[in-house]
Amino acid sequence: MSATIIDGKASAARLRAALAEEVAEFTAEHGTPPGLATILIGDDPASAVYVGGKQKACAEVGIKGFDHRPAGDASREEVLALIDELNADPAVSGILCQLPVPDHLDGVELTNRIDAGKDVDGLTIASAGRLALGMDGLRSCTPAGVMVLLEEQGVELQGAECVVLGRSNLFGKPMAQLLLGANATVTMCHSRTRDLGEVCRRADVLIAAVGVPHLVKGDWIKPGAVVIDVGMNRLESGLTGDVDFEAAKDVASAITPVPGGVGPMTIALLLRNTLQAARAQRRATFPS
Ligand code: NAP
């Protein structure tokens with residue numbers, strides 16, 4: 001079997017084109033575009049590249065960007081005051097605080113200061129709680145992007161055995177919750193899981209987010225399974241995933257490559273969340 005290669009770049013481009021139209025409609029209806037405020041504290045070059053990419057993506061679909069860059073020695077009080085100001089600003093639909101923050105600040109505290117209705121990264125305690133309780137809300141962008149890819153592939157999740165490798169708050173936990181919400185049977189694995197290969201072989205849908213290059217071997221994959229590789233590992237040879245792609249593509253029915261699979265979806269979902277938040281604020285409801 002040779003797997004379908006899931007083209008995340010093309011999916012993200014389609015989503016962004018559709019969002020540009022929806023943003024134009026929103027702007028025409030309300031006389032003002034949705035707005036995304038990014039907060040980058042200090043001058044970490046990698047974070048600056050990520051934030052620059054998010055701001056550029058906003059501009060491309062017509063979302064207004066607010067690019068805040070407090071100095072690396074900004075005090076806790078200054079940053080909290082900035083977040084409060086953005087929470088209260090009706091022109092700002094969504095807020096994200098780029099992590100990691102400098103050592104003297106607490107990224108968890110700053111993130112949780114963001115109003116849950118503007119939490120477009122879906123990382124606050126309120127957003128995680130709403131997801132766990134099956135309530136409307138803003139979802140973490142990368143797992144939400146995986147759900148879009150699975151839907152586009154026509155993957156039947158109801159009753160499916162889904163195995164998620166990795167239990168981070170950023171990805172693994174919200175991914176498992178989204179799958180559960182879609183009526184899948186979900187198993188979560190982590191560094192203490194016994195017989196990892198054996199557990200993975202049960203999966204109709206196998207999702208790897210561990211940050212260990214090529215941890216998932218070809219013979220860990222059930223023939224015909226759908227494999228989603230979230231891993232982004234920078235090696236001398238380039239960017240690579242958590243799955244041994246060459247071996248896996250002969251066993252799986254569909255698989256995401258790295259790069260060009262899950263990665264491009266994350267920013268597209270950030271834009272979708274910003275529009276979703278803006279709409280909900282206009283309706284004075286919670287994002288749904
Ligand atoms: P993380 O916070 O470091 O979590 C890694 C998880 O993998 C932990 O739950 C850990 O288990 C588990 N793990 C580590 N080694 C393992 C092993 N040998 N066997 C089984 N489980 C193992 O990482 P993350 O933030 O979730 O990210 C994971 C990967 O996804 C990274 O490569 C990251 O770059 C990538 N990522 C990509 C995107 C994107 O495409 N936009 C977004 C998010 C993440 P314990 O909990 O037991 O330590």
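These numbers were taken from a predicted model, which means no experiment stands behind them.
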**Study point:** CA sep, side-chain torsions, deciding dist, call: Val148, Met265, side chain to side chain contact (heavy atoms under 4.5 Å, CB included)
**Key:** CA-CA 9 Å; Val148 172; Met265 296 301 285; 3.6 Å; yes
Exercise for review: Drop me the distance from Ile41's CD1 to Asp44's CG, to the nearest 0.5 angstrom.
Suggested key: 11.5 Å
Review point. For Phe26, which residues count as a ring pair (Phe, Tyr, Trp, His ring centres under 6.0 Å) partner, sequence neighbours excluded?
Key: His30
Practice item. Report yes if the side chains of Ile83 and Leu86 come closer than 4.5 Å at any heavy-atom pair, otherwise no. Key: no
Practice item. Could you please spell out the steps behind the side chain to side chain contact (heavy atoms under 4.5 Å, CB included) verdict for Asp121 and Cys141? Key: CA-CA 6 Å; Asp121 257 345; Cys141 300; 4.0 Å; yes
Check your understanding: Do Thr4 and Gln153 meet the criterion of a side-chain donor-acceptor pair at a distance under 3.5 Å?
Key -> no
**Study point:** Asp67 vs Arg69 side-chain heavy atoms within contact, under 4.5 Å
**Key:** yes
Point to revise | Asp229 (side chain) donor-acceptor with Val243 (main chain) under 3.5 angstrom | key: yes
Exercise for review: Compare every heavy atom of Ala144 with every heavy atom of Arg139, then report the nearest pair and how far apart it is.
Suggested key: CB-CB, 4.3 Å
Point to revise | Single-linkage hydrophobic cluster Ile39~Leu36, side-chain heavy atoms < 4.5 angstrom | key: no
**Study point:** side chain to side chain contact (heavy atoms under 4.5 Å, CB included) between Val262 and Val146, intermediate numbers included
**Key:** CA-CA 6 Å; Val262 174; Val146 170; 4.0 Å; yes
**Study point:** Residue pair Asp242 / Leu165, side-chain heavy-atom distance below 4.5 Å
**Key:** no
Check your understanding: Hey, is NZ on Lys217 packed in by over 12 heavy atoms from elsewhere, all under 6.0 Å?
Key -> yes
**Study point:** Minimum side-chain heavy-atom gap Leu80-Leu82 below 4.5 Å
**Key:** no
Point to revise | Arg194 atom CZ: more than 12 heavy-atom contacts under 6.0 Å | key: no
**Study point:** Geometric cation-pi criterion, Lys173 with Phe171: 6.0 Å, 45°
**Key:** no
Exercise for review: Decide yes or no for Ile267 and Arg16: does some side-chain heavy atom of the first lie under 4.5 Å from some side-chain heavy atom of the second?
Suggested key: yes
Point to revise | Exercise: identify the closest heavy-atom pair between Ala116 and Leu138 | key: O-CD1, 3.6 Å
**Study point:** Closest contact, heavy atoms only, Thr274 versus Gly35
**Key:** CG2-O, 3.6 Å
Review point. Less than 4.0 Å between a side-chain N and a carboxylate O, is that true for Arg272 and Glu22?
Key: no
Exercise for review: Might you work through the side chain to side chain donor-acceptor pair (under 3.5 Å) test for Glu152 and Ser11, ending with a clear yes or no?
Suggested key: CA-CA 8 Å; Glu152 285 186 346; Ser11 287; 2.5 Å; yes
Check your understanding: Once you round to the nearest 0.5 Å, how far does OG1 of Thr124 lie from CZ of Arg113?
Key -> 13.5 Å
Point to revise | Joint cluster assignment, Leu269 & Val23, ILVMFWY side-chain distance < 4.5 Å | key: yes
Check your understanding: Between Gln98 and Ser47, which heavy-atom pair has the shortest distance, and what is it?
Key -> CG-CB, 3.9 Å
Check your understanding: Just wondering, are more than 12 heavy atoms of other shown residues or ligands nearer than 6.0 Å to CD in Glu151?
Key -> no
**Study point:** Ile63 side, atom CD1; Leu270 side, atom CG - distance, nearest 0.5 Å
**Key:** 7.5 Å
Exercise for review: Would you kindly confirm whether Leu19 and Val92 end up in one hydrophobic cluster when ILVMFWY residues are joined by side chain heavy atoms under 4.5 Å apart?
Suggested key: no
Check your understanding: Quick one: does Leu150's side chain get under 4.5 Å of Leu157's, heavy atoms only?
Key -> yes
Exercise for review: Kindly work out whether a path of hydrophobic side-chain contacts (I/L/V/M/F/W/Y, heavy atoms less than 4.5 Å apart) joins Leu179 to Val227.
Suggested key: no
Practice item. Write down the atom of Gly261, the atom of Thr256, and the distance for their closest heavy-atom approach. Key: CA-CB, 4.0 Å
**Study point:** By side-chain contact (heavy atoms from CB on, under 4.5 Å) - contacts of Gln281 (at least two apart)
**Key:** Ser93, Lys118, Ala277
Practice item. Take Val216 and Ile221 through the test side chain to side chain contact (heavy atoms under 4.5 Å, CB included) and record every step on the way to the result. Key: CA-CA 8 Å; Val216 177; Ile221 295 165; 4.2 Å; yes
Check your understanding: For Thr185 and Glu161, does a side-chain donor sit closer than 3.5 Å to a side-chain acceptor?
Key -> no
**Study point:** Approximate separation, where rounding is to 0.5 Å, of Arg201 CZ and Glu198 CD
**Key:** 4.5 Å
Point to revise | Close side-chain approach of Val49 to Pro45, heavy-atom, < 4.5 Å | key: no
Check your understanding: Is it the case that more than 12 heavy atoms not belonging to Glu109 sit under 6.0 Å from its CD atom?
Key -> yes
Check your understanding: Is it the case that more than 12 heavy atoms not belonging to Leu239 sit under 6.0 Å from its CG atom?
Key -> yes
Study note, to complete from the structure: Rounded to the nearest 0.5 angstrom, the NE2-CG distance for His104 and Asp106 is 11.5 Å
Point to revise | Expected output: side-chain Asn112 to main-chain Val108 donor-acceptor under 3.5 Å | key: yes
Check your understanding: Between Pro70 and Leu40, which heavy-atom pair has the shortest distance, and what is it?
Key -> CD-O, 3.3 Å
Exercise for review: Determine whether Ile6 and Ile207 fall in the same hydrophobic cluster, where Ile, Leu, Val, Met, Phe, Trp and Tyr are linked whenever their side-chain heavy atoms lie under 4.5 Å apart.
Suggested key: yes
Review point. Between the side chains of Arg130 and Ser127, does any donor sit under 3.5 Å from an acceptor?
Key: no
Point to revise | Nearest-0.5 Å distance that lies between atom CG in Asn183 and atom CD in Gln158 | key: 5.0 Å
**Study point:** Residues Thr240 and Asn233: side-chain donor-acceptor under 3.5 angstrom
**Key:** no
Point to revise | Side chain proximity check, Val163 to Val205, heavy atoms < 4.5 angstrom | key: no
Review point. For Ser140, what residues pass the side-chain contact (heavy atoms from CB on, under 4.5 Å) criterion, not counting sequence neighbours?
Key: Leu123, Pro143, Pro174
